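Keep in mind the model is a prediction, meaning the values are calculated, not measured.
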Amino acid sequence: MSRVVGPRSGDAIFASVERVNAELFTLTYGAIVRQLLTDLEEVDEVNKQLDQMGYNIGIRLIDEFLAKSNVTRCVDFRETAEVIAKVGFKMFLGVTASVTNWDADGTCCSIVLEDNPLVDFVELPDTCQGLYYCNILSGVIRGALEMVSPL
Amino acid sequence: MQFFGGSDISPSPPAPTASGHNAHMMYMFNRNGVCLFYREWNRPLRTLNPQQDHKLMFGLLFSLKSLTAKMDPTSAEKGNLGVPQLPGQGCSFHSFRTNTYKLSFMESPSGIKIILVTHPRTGDLREALKYIYNLYVEYVAKNPVYAPGTPIKCELFNTNLDQYVRSIS
């Protein structure tokens with residue numbers, strides 16, 4: 001009687017949510033990283049802090065992702081990586097990522113973003129060697145996956 | 001021998017309350033069993049104190065989900081009873097109905113469970129529960145003051161929820 005709704009594509013969702021100016025987004029993120037570098041000075045500390053911030057975002061973001069995209073539980077890690085790359089990144093950043101570099105076990109892969117809105121116009125100086133500028137994204141993925149993982 | 005009148009067996013459902021709410025009460029739990037939210041609009045009978053009531057509700061859902069998934073005749077694999085299922089995996093019940101109320105249930109893969117108890121003539125509430133989940137995302141998950149895993153105390157969520165529940169048929 002009630003129609004079963006399948007998962008929505010990342011494009012469709014991205015078109016339907018409110019969006020923010022890309023430059024504002026890039027500049028805001030750049031300001032955050034700059035401030036962290038000033039406050040914490042150590043590159044490792046900044047990486048850790050960015051990951052923690054991302055984690056706090058991820059644990060909330062997962063519900064929005066599940067509510068808007070209607071995906072069902074993924075069967076294995078491959079499917080999880082595909083969903084993150086094709087639906088998740090598309091929905092929240094408007095960019096499509098690709099999954100590459102699978103290892104033999106299927107437990108390790110790389111998600112590659114062709115054009116990343118966080119790093120537009122950004123050049124890292126030599127003093128920031130080892131800084132993971134986009135570490136907030138790994139934190140987001142970590143937080144989100146933790147909320148759907150088996151207990 | 002005296003027989004009770006036939007009309008006593010299934011009493012007609014109570015008419016919607018004067019305030020117009022069509023639902024009796026609503027619960028929300030997270031994956032750890034913490035009762036995030038409880039709201040009642042029309043609940044004349046209360047048998048347990050709130051903590052016991054929440055625990056009973058969560059336990060009931062846990063058992064029902066497990067039972068319905070393991071009893072699935074279409075499922076190819078033979079699981080074993082008692083093994084907890086991941087949220088969103090396998091088949092999951094979505095409502096049960098008695099002669100006086102209907103209980104509708106929805107669980108997200110992140111473990112957020114929404115339970116809505118309404119009058120028995122209510123139709124399929126799966127879309128309504130999804131909408132309530134969206135309200136949760138908008139007013140609770142995105143609220144920076146709210147700490148995930150704690151009881152929900154967001155006025156905007158309460159107001160919008162009341163408004164929406166009034167419109168459910």
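Counting non-hydrogen atoms of other residues, nucleotides and ligands closer than 6.0 Å to CD of B:E40 gives a total above 12. Residue B:F58 places its CZ atom among more than 12 non-hydrogen atoms of other residues, nucleotides or ligands, all under 6.0 Å distant. The neighbour count for B:Y131 OH, taken as heavy atoms of other residues, nucleotides or ligands under 6.0 Å away, does not exceed 12. Shown here is A:K86, whose NZ atom has more than 12 heavy atoms of other residues, nucleotides or ligands within 6.0 Å. Open room surrounds CD on A:E23; 12 or fewer heavy atoms of other groups in view lie less than 6.0 Å from it.
Counting all heavy atoms, side chain and backbone alike, A:R60 lies closest to B:P144 at NH2-O, 3.8 Å.
With rounding to the nearest 0.5 angstrom, the NZ atom of B:K142 is 8.5 Å from the CG atom of A:L61. Here the straight-line distance linking atom CD of A:E64 with atom CG of B:N134 works out to 9.0 Å at 0.5 Å rounding. Going from atom CZ of A:R73 over to atom OG of B:S110 covers 9.0 Å, rounded to the nearest 0.5 Å.
Listed options A:I57, A:D63, A:V75, A:I62 were ranked by heavy-atom pairs under 4.5 angstrom with chain B; first place goes to A:D63.
For A:L66, the parts lying near chain B are the backbone and the side chain together; criterion is any non-hydrogen pair under 4.5 Å.
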